Trainee: 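One structure coming up, written as structure tokens, with questions to follow.
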Amino acid sequence: MLDFGDLLKKETTDSEPAIGSQHGLKSLQFFRTEEVKILVDETFRFDGHSVPISYAYKFKDIPTHVEEHNAQLVVIDLVGCPDTLKECRQLSARLPSYLSVIILGDVDAISVIRELKSLGFYYLFWPVDKIELAEFVDTVLTRHIEANSLHGRRKAKRIGVIGMRGGVGTTMLTAELSWILSNDKQTSCLVVDHNYLSSNLDIFLGIKNREKRRLNDTETGGGEIDQTSSKNLVTRVSNRLDYLALGLSDERSADLDEMTELVLNYLAPDTNFILDDYSASVGFDIQPRNLLKTLDVAVLVMEPTISCLRETAAMLSKMKKLFEEPEYKRTVRIILVLNNHRASRFNSVTQAEVEKYLDVPVNIVLPYEITVEEALLNGTYLSAGKSKIGTQIKHLCSRIIGEEIAPKRKLFSFTRSSSE
């Protein structure tokens with residue numbers, strides 16, 4: 001029997017079904033001005049959609065709200081933003097690939113529209129009237145439904161952490177970057193282990209008793225690699241962090257690396273970043289030609305020794321020649337990291353000598369700290385603390401995703417006033 005007392009006790013709510021009852025999509029809007037918020041609300045009502053959940057625009061809160069509401073469409077107000085492109089590049093690194101993003105901005109330049117399109121964003125120039133905005137939203141909704149398959153979705157940015165020789169901290173750095181991206185930056189990340197025999201990457205990630213996945217009928221479902229079987233090969237580390245580690249059976253390392261690339265093609269649309277651990281201990285030659293075809297950012301990790309300096313010079317020379325070839329006219333950023341993982345008495349070259357020999361600047365210098373080994377043995381991430389090396393690793397991550405590194409604050413000023 002219907003109990004009217006219980007009905008009366010229920011709180012009333014203004015929430016409506018998720019956007020467009022006919023589409024069933026969940027939407028959010030992040031506004032900078034009331035004028036934009038009001039027009040977006042009115043437009044959605046006008047077209048029969050439920051009004052998006054609204055938040056004042058705060059860059060750092062957007063990924064959290066998107067994840068909390070499992071949103072599929074967001075409208076972001078960047079009218080009056082000092083640097084629309086920079087803001088959108090950083091947003092792209094933090095938002096899931098399945099999300100449809102509408103940017104409202106006041107920059108009227110074809111270059112902006114082209115770059116935002118390459119990021120997978122929809123751009124509409126402000127000011128705009130209700131009819132034009134309604135038509136634009138309907139177009140985005142239609143495309144969102146059509147792009148529900150893998151086609152048309154943004155693919156992950158690939159970051160290769162490449163060791164110039166074994167033991168320079170490549171695997172440690174890969175794990176640290178994955179932790180910062182998935183925790184501090186709140187982005188989804190897939191870590192890929194390219195050592196198919198043995199490695200310590202699983203230990204650095206805090207995974208216990210996890211064997212590498214062998215490509216057999218059990219793992220692939222008895223058939224060829226497809227989207228479903230690719231997902232079965234992944235180990236979940238945390239809510240935003242996954243781990244892919246294939247192991248050798250009868251294959252060669254080079255063959256398994258090709259198989260890894262095939263798997264990644266299926267997984268790329270489902271994450272923001274793919275972090276490739278190319279430690280120098282992998283069982284095949286790391287070819288610059290292959291790296292430049294797949295990576296968006298190449299992080300070269302070296303130590304201050306003569307032998308490692310020569311290896312780094314050879315790698316940079318090969319990359320420079322490849323960039324001159326027509327088929328490599330894509331943007332791949334090179335970041336050079338100098339890791340002082342041993343006391344200075346074991347170094348055979350200085351930073352100044354490294355930069356002079358390579359004729360390029362060192363972008364990040366990781367200082368030697370005696371407490372690093374103890375922290376790693378305790379399972380503590382270096383970037384989770386306030387150590388100097390942890391700060392530099394955070395700076396590296398900021399450089400990778402295009403954030404500006406804030407200059408150090410001066411604690412004291414000894415400048416005298418003119419009145420003295």
Side-chain angles (χ1 to χ4, degrees), residues 59-61 63-64 67 90 93-94 156-163 167-193 199-208 235-244 271-279 296-304 333 335-342 351 362-409:
F59 179 86
K60 64 181 180 65
D61 293 338
T64 302
E67 183 178 16
Q90 295 185 13
R94 289 164 169 76
K157 292 289 185 182
R158 287 193 66 173
I159 305 161
V161 186
I162 307 155
V168 297
T170 308
T171 298
M172 177 273 292
L173 205 53
T174 303
E176 291 285 338
L177 288 172
S178 73
W179 187 89
I180 299 172
L181 288 170
S182 60
N183 287 271
D184 286 3
K185 307 302 180 183
Q186 299 181 348
T187 63
S188 56
C189 184
L190 172 63
V191 178
V192 184
D193 191 346
S199 74
N200 294 322
L201 183 53
D202 55 338
I203 298 174
F204 279 104
L205 292 173
I207 303 173
K208 297 180 180 179
T235 299
R236 174 55 56 96
V237 180
S238 68
N239 189 37
R240 299 188 187 95
L241 182 59
D242 292 313
Y243 172 58
L244 175 66
T271 189
N272 293 118
F273 291 98
I274 294 175
L275 266 174
D276 294 276
D277 178 14
Y278 284 109
S279 169
D296 297 290
V297 182
V299 179
L300 306 186
V301 186
M302 63 172 297
E303 65 179 5
R333 290 190 292 132
I335 298 177
L336 184 59
V337 176
L338 181 63
N339 187 9
N340 295 286
H341 61 102
R342 292 181 293 188
Q351 179 183 342
V362 173
N363 303 114
I364 297 290
V365 178
L366 302 182
Y368 172 71
E369 290 191 17
I370 197 170
T371 58
V372 167
E373 187 174 348
E374 180 183 354
L376 296 177
L377 288 173
N378 292 333
T380 304
Y381 283 102
L382 302 174
S383 47
K386 297 182 179 180
S387 63
K388 292 181 179 179
I389 188 172
T391 299
Q392 288 302 308
I393 294 173
K394 288 179 181 178
H395 287 175
L396 171 60
C397 187
S398 294
R399 182 179 285 270
I400 288 171
I401 64 178
E403 289 181 346
E404 288 187 357
I405 300 174
K408 292 182 179 178
R409 290 195 218 170

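For the numbers below, each heavy atom of this structure counts, side chains included, while hydrogens, waters and symmetry mates do not. Remember, predicted model here, so these are calculated numbers, not experimental data.
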Trainee: Considering residues at least two apart in sequence or located in another chain, which fulfil the ring pair (Phe, Tyr, Trp, His ring centres under 6.0 Å) criterion with F204?
Mentor: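 With neighbours one apart ignored, the set is empty.
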
Trainee: Run the side-chain contact (heavy atoms from CB on, under 4.5 Å) test on L275 and L181 for me, step by step, so that the C-alpha distance in whole Å, both residues' side-chain angles and the decisive distance to 0.1 Å come before the verdict.
Mentor: CA-CA 10 Å; L275 266 174; L181 288 170; 4.1 Å; yes

Trainee: The test is side-chain contact (heavy atoms from CB on, under 4.5 Å); show your working for L396 and L173 and say whether it passes.
Mentor: CA-CA 10 Å; L396 171 60; L173 205 53; 3.9 Å; yes

Trainee: Is the closest side-chain heavy-atom distance between R94 and Q186 below 4.5 Å?
Mentor: no

Trainee: Main chain of S383, side chain of K394: is a donor-acceptor contact present, judged purely on distance under 3.5 Å?
Mentor: yes

Trainee: Main chain of I393, side chain of E176: is a donor-acceptor contact present, judged purely on distance under 3.5 Å?
Mentor: no

Trainee: The test is side-chain contact (heavy atoms from CB on, under 4.5 Å); show your working for E369 and L382 and say whether it passes.
Mentor: CA-CA 11 Å; E369 290 191 17; L382 302 174; over 6 Å; no

Trainee: Once side-chain contact (heavy atoms from CB on, under 4.5 Å) is applied, do any residues pair with N183, and if so which ones, sequence neighbours excluded?
Mentor: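 By the side-chain contact (heavy atoms from CB on, under 4.5 Å) rule, N183 matches W179.
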
Trainee: Apply side-chain contact (heavy atoms from CB on, under 4.5 Å) to V299 and V337, showing your working.
Mentor: CA-CA 7 Å; V299 179; V337 176; 3.7 Å; yes

Trainee: Compare every heavy atom of K386 with every heavy atom of T391, then report the nearest pair and how far apart it is.
Mentor: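 Closest pair (atom of T391, atom of K386, distance): OG1-O, 4.5 Å.
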
Trainee: Between L366 and H341, is any pair of side-chain heavy atoms under 4.5 Å apart?
Mentor: no

Trainee: Just do the salt bridge (Lys or Arg N to Asp or Glu O under 4.0 Å) check on E303 and R342 with the steps written out, would you?
Mentor: CA-CA 9 Å; E303 65 179 5; R342 292 181 293 188; 3.5 Å; yes

Trainee: Could you pull out all residues at least two apart from R333 that satisfy salt bridge (Lys or Arg N to Asp or Glu O under 4.0 Å)?
Mentor: none

